[in-house]
Amino acid sequence: MKRQHTLFNPRHFSVRQLPLYAFLVPLALFMSLPIVFIIGHAFKPLSELFAFPPKFFVKNPTLDNFERMVQTTQSSGIDLTRYLFNSLIVTLAVVIGTIIIGSMASFAMSKMRFKGKALVFEINTVAMMFVPVAVRIPRYLVINTTGIMDTYLAYILPMLALPVGVFLVKQFMDQIPDSLIEAAYVDGANHLTIYFKIVIPLIKPAIATIAILSFQQVWNDTEAASLYVTKESMRTLTFFMNTMAGNTTGVAGQGVAAAASLIMFLPNLIIFICMQSKVMNTMAYSGMK
């Protein structure tokens, strides 16, 4: 077994890995082309935006698209910092809330005994199959009935339920030995002590995965600002950027839309690059039994 590990997964570079690199490097370059296009398109001058056939790479990068975007935002009635503030408040609250709720629910379903535990987990699994459009009307009725329209809660509460996050963390938490939890109970620890001092340090990769998934979900969401919010001062940066990109016309408008798309895309890319190893670790352990 050790010999096989040395041959196929050596600690350092080996000539035997060249066929693997010959396959993976071109594949990685091909998959990175959309990212390269998004970045390059945002820096294209008008002459290259007019070019036919369209050019994939930018030849003369410029910041004109970003300058026009700033001018467009200054002409609106609400300052750009207000949209950014709303997005930060909503995103921070959703990420923290999702981590707390998801990890606690996973701890209960993985390490605690109660009647109906299997049923609750099956309901969570079924909830993963529902597309957002299927629950749009019921969600609107609940938000309207509870009187939280035009508030931050209209953004936050619908996003706190993340079934895929609960599923991944629960599967990851199943790898923690039950004997470790039972030993803590024998020593007199209660549920909260075990959760904070034993479970949380062991599931940090899974928590990072929940954070990324919830961040991407709330950062890119425009549904709440469109359906549950009517006050312009309560809208988010994502909604404003999408509205601005949709209202701009012509080639210059395409440049503004490309700049706005790049600004909204970069946070997702940076966060995933910083935490991708933890995400991969979670995905691997969640499939083990």
Side-chain angles (χ1 to χ4, degrees), residues 38 42 65-102 127-166 210-250 252-269 271:
I38 292 175
N65 295 328
F66 295 93
E67 293 177 358
R68 281 191 292 270
M69 185 188 69
V70 173
Q71 293 173 359
T72 304
T73 57
Q74 290 175 348
S75 63
S76 63
I78 307 297
D79 192 76
L80 183 64
T81 56
R82 178 64 188 183
Y83 297 110
L84 179 60
F85 175 78
N86 293 338
S87 290
L88 292 177
I89 291 294
V90 172
T91 302
L92 186 63
V94 170
V95 171
I96 294 176
T98 303
I99 290 175
I100 295 174
I101 294 175
M128 294 169 56
M129 298 187 296
F130 285 93
V131 294
V133 68
V135 297
R136 183 172 296 172
I137 294 178
R139 183 177 293 177
Y140 176 83
L141 294 176
V142 171
I143 292 176
N144 188 42
T145 303
T146 53
I148 60 175
M149 298 280 287
D150 292 325
T151 65
Y152 287 122
L153 291 178
Y155 290 104
I156 297 171
L157 290 183
M159 293 289 183
L160 292 180
L162 189 63
V164 65
V166 175
I210 292 183
I212 293 176
L213 293 177
S214 59
F215 176 86
Q216 292 179 337
Q217 183 183 34
V218 66
W219 183 257
N220 299 321
D221 178 66
T222 59
E223 178 183 307
S226 303
L227 301 178
Y228 317 135
V229 176
T230 58
K231 295 181 180 178
E232 190 65 27
S233 60
M234 290 296 298
R235 300 191 189 276
T236 58
L237 181 64
T238 305
F239 177 84
F240 176 73
M241 288 293 185
N242 279 271
T243 303
M244 181 180 62
N247 291 336
T248 52
T249 58
Q254 292 299 317
V256 172
S261 300
L262 178 60
I263 291 176
M264 299 308 301
F265 170 73
L266 282 179
N268 293 286
L269 179 63
I271 289 179

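Side chains included, hydrogens not; waters and symmetry mates left out as well; all remaining heavy atoms used.
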Open item on the list: To the nearest 0.5 Å, what is the distance between CE on Met159 and CH2 on Trp219?
Closed with: 13.0 Å
Open item on the list: Looking at every non-hydrogen atom in both residues, tell me the closest pair between Ala42 and Asn65 and how far apart they are.
Closed with: O-ND2, 2.8 Å
- [ ] Please name the pair of heavy atoms, one in Ala260 and one in Met241, separated by the smallest distance, quoted to 0.1 Å.
- [x] CB-SD, 3.6 Å
Open item on the list: Counting only heavy atoms not in Ile137 (residues, nucleotides, ligands), do more than 12 fall under 6.0 Å from its CD1?
Closed with: no
Open item on the list: I need the Gln217 CD to Ile212 CD1 distance, nearest 0.5 Å.
Closed with: 14.0 Å
TODO: To the nearest 0.5 Å, tell me how far Leu92 CG sits from Ser87 OG.
DONE: 12.0 Å
- [ ] Test Asn86 against Tyr152 for side chain to side chain donor-acceptor pair (under 3.5 Å), laying out the working first.
- [x] CA-CA 8 Å; Asn86 293 338; Tyr152 287 122; 2.7 Å; yes
Task: Gap between atom CD1 of Ile148 and atom OG1 of Thr145 - 0.5 Å precision - done: 10.0 Å
Open item on the list: Using only atom types and a distance under 3.5 Å, with no angle test, would you say the side chain of Thr146 pairs donor to acceptor with the backbone of Ile143?
Closed with: yes
Task: Check: Asn144 side chain, Tyr140 main-chain N or O, donor-acceptor pair, under 3.5 Å - done: no
Open item on the list: Checking Tyr155 against Val94 for the side chain to side chain contact (heavy atoms under 4.5 Å, CB included) test, could you report, in this order, the C-alpha distance in whole Å, the side-chain angles of both residues, the deciding distance, and whether it holds?
Closed with: CA-CA 9 Å; Tyr155 290 104; Val94 170; 6.0 Å; no
Open item on the list: Using 0.5 Å steps for rounding, measure from the CG atom of Asn268 to the CG atom of Asn220.
Closed with: 4.5 Å
TODO: Apply salt bridge (charged side-chain N to carboxylate O under 4.0 Å, His left out) to Arg82 and list each qualifying residue two or more places apart in sequence or on a separate chain.
DONE: none
Open item on the list: Show the nearest heavy-atom pair for residues Tyr83 and Thr236, with the distance to one decimal.
Closed with: CD2-O, 3.8 Å
Open item on the list: Determine whether a donor-acceptor pair (N or O, by modelled atom type, separation under 3.5 Å) exists between the side chain of Thr238 and the backbone of Thr222.
Closed with: no
- [ ] Report the C-alpha separation of Arg139 and Tyr228 in whole Å, then their side-chain angles, then the decisive distance to 0.1 Å, and conclude whether the side chain to side chain contact (heavy atoms under 4.5 Å, CB included) test is met.
- [x] CA-CA 10 Å; Arg139 183 177 293 177; Tyr228 317 135; 3.1 Å; yes
Open item on the list: Show the nearest heavy-atom pair for residues Met128 and Val164, with the distance to one decimal.
Closed with: CG-N, 3.9 Å
Task: Nearest-0.5 Å distance, CG of residue Asp150 to CD of residue Glu232 - done: 11.0 Å
TODO: Examine distances only and state if a side-chain atom of Thr98 and a backbone atom of Ser214 form a donor-acceptor pair shorter than 3.5 Å.
DONE: no
Task: Closest non-hydrogen atom pair, Thr151 against Met234 - done: C-CE, 3.8 Å
